[in-house]
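Each remark here refers to the structure printed beneath this line.
Throughout, residue positions are numbered sequentially from 1 according to the sequence presented.
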Amino acid sequence: TQYQDIVTMTKESTTPSFSLTYGEETKLPLSITSSDIHFEALPSQRLCIITLRLTVVNDSVQRDIEGALRFPLPDSDSTICGFQLGKDTAVCLPKSKAAEVAYKEKEKGRAVATAASVQGAVYETTLFPLPYNVPKELTLTCFTALKAIDTSTLGTCLPLTFSLPVAHLTIRANANDGSSLRIEVAGAA
């Protein structure tokens, strides 16, 4: 079947919402000054690569802090395949070794992100360090399925909403085979 249209959507859903917070009990939201979301559709493989790039600023606590990221995935079969904080790219380690390495790296003041849990359609991790008033770029990449919406349309949905306004938001999409694309955004004011 040749698909004529690919739909990429960012909209509200029943999936737990996106959050980037500080404080274990208070869960104060951190400022996101820009967001770039890119959908790269691979129709022949029925896959989509989604790259989320955020500029995050700790503008409320005058020291290095650890943030908690909660990212809703398009579905429970989606796979996180890339993670970067600033210039530091994540490296996968066995769970038994990860806590020890994270502790040692934090003690040295180095960037650390540990996946706390990945369950259902939600990815959770921690981010360190987030220095006071220093913009940090966070990049998260995932693979997800393109699903048939009708006989000529494939689509995917990223259930992403932000708790605070984001000054600069870009949503881009393209297909590697030249298929036409349509982006639908819901929940925007």
Please find the pair of heavy atoms, one from [X] and one from [Y], that lie closest to each other, and give the distance.
X    : Y    : value
L30  : G67  : CD1-CA, 4.3 Å
P74  : C157 : CB-O, 3.1 Å
R172 : D36  : NH2-OD2, 2.8 Å
D59  : S31  : OD2-OG, 2.6 Å
S35  : L52  : OG-CD1, 3.8 Å
T156 : A145 : OG1-O, 3.6 Å

(request) Using atom types as modelled and distance alone, determine if a side-chain donor or acceptor of D64 lies under 3.5 Å from a backbone N or O of F128. (result)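 Side chain of D64 to backbone of F128: no pair is present.
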(request) Examine distances only and state if a side-chain atom of N58 and a backbone atom of L130 form a donor-acceptor pair shorter than 3.5 Å. (result)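 Yes; judged by distance alone, with no hydrogens or angles, the pair exists.
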(message) Is the shortest side-chain heavy-atom distance between L127 and Y22 below 4.5 Å?
(response) no
(message) In the structure I gave you, are the side-chain heavy atoms of L164 and I32 within less than 4.5 Å of one another anywhere?
(response) no
(request) Under the side chain to side chain contact (heavy atoms under 4.5 Å, CB included) rule, what do I80 and L73 come out as? Steps first, then yes or no, please. (result) CA-CA 9 Å; I80 298 294; L73 298 166; 3.6 Å; yes
Interatomic spacing from [atom1] in [X] to [atom2] in [Y] - rounded to 0.5 Å:
X    : Y    : atom1 : atom2 : value
C142 : Y123 : SG    : OH    : 11.0 Å
N176 : L42  : CG    : CG    : 4.5 Å
C48  : L154 : SG    : CG    : 10.0 Å
I49  : F39  : CD1   : CZ    : 12.5 Å
I37  : L160 : CD1   : CG    : 5.0 Å
S19  : L28  : OG    : CG    : 12.0 Å

(request) Would you sort out whether L85 and K136 count as a side chain to side chain contact (heavy atoms under 4.5 Å, CB included), showing the intermediate values? (result) CA-CA 7 Å; L85 181 61; K136 285 285 217 173; 4.1 Å; yes
(message) If only side-chain N and O atoms count, and only distance matters, is there a donor-acceptor pair under 3.5 Å linking N174 with H38?
(response)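 Yes, a side-chain donor-acceptor pair sits under 3.5 Å.
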Transitive ILVMFWY side-chain link [X] to [Y], under 4.5 Å:
X    : Y    : answer
V61  : V134 : no
Y132 : L20  : no
V57  : L54  : no

(request) Measure up the F162 and F18 rings against each other and bin them: parallel (under 30°), tilted (30 to 60°), perpendicular (over 60°). (result) perpendicular
